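All remarks here apply to the structure that follows.
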Amino acid sequence: MIKEIIRQNIAETLQTLELSQDREYTVEVPNNPDFGDFSTNAAMVLAKENKMAPKALAEALIKGLKKNKFYKKLEIAGPGFINFHLSPSLFQNMLWYIHEQGAQYAASDMGKGEKILLEFVSANPTGPLNIVSARAAAFGDTLYRVMKYVGFDPAREFYINDAGNQVDILAESLELRLRELHGERIGEFPFEAYHGEYVKHLAQRLNALEGVKVFMMTEKDRMDHLKEFALSELLEMQRLSLEKFDVVFDGWVSEKTLRAEGVVEEVLSYLTEANCTYEKEDAIWFRSTDYGDDKDRVLMKSDGSITYFVPDLAYHLTKIQRGYTSLIDIFGPDHHGYVPRLKAAFKALKYDDEMLEIIYLQQVNLFESGERVKMSKRAGKIVTMDDLVNEVGKDAARYFFLARKASAHLNFDLELALQQNNENPVYYCQYAHARICSIVKKAKKDRILPKTYKKELIQKLNKPEELALIRKMTDLPGLLEMVALHREPHRLATYAEELCSLFHRYYNKFQVVNPRSKDLSKARLLLIDTVRMSLALVLDLMGISAPEKM
RNA sequence: GCGCCAGUAGCUCAGUAGGAUAGAGCAGCAGCCUUCUAAGCUGCGGGUCAGGGGUUCGAAUCCCUUCUGGCGUGCCA
């Protein structure tokens, strides 16, 4: 907010001075407080094109900028930085603005309504969701919330791989468990089959519903039936897991449905028309190496079935047809070999492959008592998303998943997530919120809390700690734009901690509610209630609750 | 072998997209509750930003290279 004001002010001043400003300069917060509240490198960056010495340019700029009453002091420093020392009245007015705007104060129209499709989780519907899916869910959902807040028109989609090899294996696994249930000896459970306990539960459930009816069908009917049953059950299970995590999707797109609609054939014909397919060893290949992939890819296998790639490409094309101009896929750590062929297909079909953006989430390691929790998918020994959420709760889980940037491996400390003290950042932030609520309640009881605040109160707020809190709040709009633009939700966590730290410090140093000085109390109530609103907003964007009492 | 990601304090990680003296939490030590929630606060140490080169007024940040770790490299999805 303030940054933009300063930037605009500089631009106007440069214009009045008839100086060129073609190069990008920065306005930022210096890490040394002696250098003021903000500083700019404009004079240094623009010196060359204006054929002036940086310091001379800086001096001219300062002279022009001095007309603004919000600047307490302007100075040249170092090789030509201009340091801005702002007057308290600027911060006070900002507080009033934020108070008036409420929870919309940090919103913007930066996104200009651009239609963005966020695809995430998209797990195989062959088992419970794992913790990487949970990370993807938290990440994708929060990115969605922030993008929407800053003016994009985003949508969340889940692509269901309910056709193909893996679901066949699922049906076979279920059949084996079913036979087992009926006392048949099935020998050793096949290596590639699904070993998880949930398959046994599915078998029990189906058996309770239908008994031996299943075995009276023809083999093909039975497999279709088992497939359908398992898919609908597991999909519902996944949907519930996500719902418990406060993640809902705007669309669930089924691969099976896409295939039934004939889009697979369509994509194959597009690629053939584009002259980039060939036949080899009874299979049809896509010459993706022409478009930057490291090897050609099979589209249709020698047994006549289609690879995963084709319907997935078709799905991506439907996104474009539906008017999305930016397609963001959030993938797990094991998919980066897959992306070049998708991009290659975009290029082959004359779509701009820049539209397609892939975010890779790195893996999640669980730690308990300092030990890494070992998981084995084959033995069916995995910690699921539900296990995790049940153990540490939605708030802690979402917080921890969001606290690290996507490209970093995430070490999830289960004990830390459960701790209820200052070591646990989730509680640290929620506690700040509850604490403010408690103060407000106390003020109400003491009959100090006003129904509406009077603007004159802001003049009472001039302690450095108070101005620091206001300034932190003014950082939020810019931060949210940054989060959306660079797809970095983890910054919300850092921000929340910083804001809370400032508040806790303030709380320990100053008394907010003091019956002997009512106006000061009211002014401080205005301040902390605005902080509360600001914090609640950030927590809401993260999908974390803001409790009024703890 | 090739490709992608990462390497910052003892540990877990930030670092406002190239800025001035690199930050926080934890762990360690010493303090703060008859006053609005001590799930909090204050103070003290701690660094070859993996190593080396380059780009420029200026590099943890950009480029090249080496090392270390993770992942990928199916007619699986």
Side-chain angles (χ1 to χ4, degrees), chain A residues 3 26-32 34-35 39-41 44 47-48 54 77-81 83 122-124 126 161 164-167 169 192 255 280-285 294-295 297-303 305-309 312 332-340 360 362-363 365 367 370 403-409 411 413 416 419-428 430-432 434-443 445-446 448 475 478-479 482 485-486 490-491 493-495 497-498 500-501 503-514 521 524-525 528 549-550:
Chain A
K3 213 179 265 188
T26 60
V27 175
E28 60 193 358
V29 181
N31 40 29
N32 185 337
D34 292 345
F35 296 153
S39 76
T40 180
N41 62 359
M44 291 183 310
K48 206 176 267 177
F81 290 101
N83 294 336
S122 294
N124 282 332
T126 54
N161 304 138
N165 225 344
Q166 297 301 319
V167 280
I169 295 171
E192 63 286 343
E255 177 183 349
K280 192 180 86 182
E281 295 161 4
D282 296 328
I284 300 177
W285 296 69
D294 17 330
K295 58 174 77 168
R297 306 294 174 173
V298 170
L299 299 169
M300 187 184 280
K301 304 181 216 170
S302 50
D303 67 0
S305 66
I306 228 96
T307 57
Y308 170 83
F309 173 52
D312 189 41
D334 50 349
H335 274 67
H336 46 252
Y338 178 71
V339 173
Y360 301 103
Q362 290 302 315
Q363 66 188 67
N365 298 317
F367 282 81
R404 300 281 170 266
K405 57 184 168 193
S407 59
H409 288 209
N411 291 327
D413 186 332
L416 179 59
Q419 276 174 41
Q420 306 207 345
N421 58 30
N422 57 351
E423 291 179 37
N424 187 342
V426 192
Y427 284 91
Y428 184 80
Q430 292 184 318
Y431 185 57
R435 209 174 214 183
I436 296 175
C437 290
S438 165
I439 299 171
V440 172
K441 206 187 285 171
K442 154 104 173 145
K445 206 179 108 208
D446 292 355
I448 288 179
D475 287 343
L479 179 94
M482 207 68 103
L485 229 40
H486 298 283
H490 74 277
R491 291 196 164 205
T494 312
Y495 178 84
E497 283 177 60
E498 286 166 357
C500 292
S501 169
F503 168 72
H504 284 309
R505 245 141 68 193
Y506 180 64
Y507 171 88
N508 272 274
K509 195 162 173 183
F510 300 98
Q511 192 174 358
V512 175
V513 179
N514 183 350
S521 297
R524 288 180 171 173
L525 282 163
I528 65 161
K549 209 166 76 182
M550 285 171 79

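Lettering of chains follows the sequences in order, A, B, ..., and the numbering in each one begins at 1. On a predicted model such as this, the values are computed, not experimentally measured, just so you know. Computed from heavy atoms alone, side chains included, the values below leave out hydrogens, waters and symmetry copies.
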Do [X] side-chain and [N] base share a donor-acceptor contact under 3.5 Å?
| X | N | answer |
| --- | --- | --- |
| A:Asn411 | B:rU12 | no |
| A:Thr494 | B:rA24 | no |
| A:Asn41 | B:rA20 | no |

Under 4.0 Å: is that the gap between some side-chain N or O of [X] and OP1 or OP2 of [N]?
| X | N | result |
| --- | --- | --- |
| A:Ser407 | B:rA6 | yes |
| A:Arg435 | B:rA38 | yes |
| A:Arg491 | B:rG15 | yes |

Indicate whether [X] forms a stack on [N]; treat it as stacked only if centroid distance is below 5.5 angstrom and interplanar angle below 30 degrees.
| X | N | value |
| --- | --- | --- |
| A:Phe35 | B:rA20 | yes |
| A:His486 | B:rA17 | yes |
| A:Tyr428 | B:rA39 | no |

[atom1] spacing across the pair [N] / [M], given as an integer number of angstrom:
| N | M | atom1 | answer |
| --- | --- | --- | --- |
| B:rC67 | B:rA30 | P | 47 Å |
| B:rG45 | B:rC29 | C1' | 9 Å |
| B:rA59 | B:rC49 | P | 12 Å |
| B:rG47 | B:rA24 | C1' | 15 Å |
| B:rG23 | B:rA9 | C1' | 10 Å |

Between [atom2] on [N] and [atom1] on [X], what's the gap in Å once rounded to a whole number?
| X | N | atom1 | atom2 | value |
| --- | --- | --- | --- | --- |
| A:His490 | B:rC5 | NE2 | P | 16 Å |
| A:Phe367 | B:rC11 | CZ | P | 13 Å |
| A:Lys405 | B:rU61 | NZ | C1' | 10 Å |
| A:Tyr495 | B:rG15 | OH | P | 16 Å |
| A:Asn32 | B:rG15 | CG | C1' | 16 Å |
| A:Asn365 | B:rA6 | CG | C1' | 13 Å |
| A:Asn424 | B:rU12 | CG | P | 18 Å |

Option among A:His504, A:Arg505, A:Glu497 that satisfies the side-chain hydrogen bond (donor to acceptor under 3.5 Å, both in side chains) test with A:Ser501: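 Going through the options one by one, the only one that passes is A:Arg505.
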Syn/anti state for B:rC4 [syn: chi within 90° of 0]: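 Anti, angle beyond 90° from zero.
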Chi-angle category of B:rA17 [syn within 90° of 0, anti beyond]: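 Classified syn.
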Tabulated below should be each protein N or O lying under 3.5 Å from an N or O of nucleotides 28-35 of chain B; please produce it.
none

Parallel, tilted or perpendicular: rings of A:His335 and A:Tyr338 (30°, 60°):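 It falls in the perpendicular class, over 60°.
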Test log, rule side chain to side chain contact (heavy atoms under 4.5 Å, CB included), inputs A:Lys549 and A:Lys441: CA-CA 11 Å; A:Lys549 209 166 76 182; A:Lys441 206 187 285 171; 4.1 Å; yes
is_close_aromatic(A:Tyr431, A:Tyr427), centroid dist under 6.0 Å: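 For A:Tyr431 and A:Tyr427, the ring centres are not under 6.0 Å apart.
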Side-chain heavy-atom pair A:Val167, A:Asn161 within 4.5 angstrom cut-off: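 No. Closest side-chain heavy atoms not under 4.5 Å.
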Test item: A:Gln363 and A:His409 side chains (from C-beta on) under 4.5 Å apart, heavy atoms: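 The answer is yes; the side chains approach within 4.5 Å.
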Heavy-atom protein contacts under 4.0 Å, nucleotides 71-77 of chain B, coded B base, S sugar-phosphate only, - none: BSSSBSB
A:Phe510 vs A:Val29, nearer the 5' end of RNA chain B by closest nucleotide: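 The answer here is A:Val29.
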5'-most by nearest nucleotide on RNA chain B - A:Asn514 or A:Glu497: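 Its nearest nucleotide being more 5', the pick is A:Glu497.
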Face-on cation placement of A:Arg435 at A:Tyr507 ring, 6.0 Å and 45° thresholds: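 Satisfied, under 6.0 Å and within 45°.
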NZ (A:Lys301) with more than 12 external heavy atoms under 6.0 Å: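 Above 12, so yes.
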Sugar-phosphate only, base, or nothing, as touched by A:Asn83 at under 4.0 Å among non-hydrogen atoms: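 Base contact - A:Asn83 has a heavy atom under 4.0 Å of at least one base atom.
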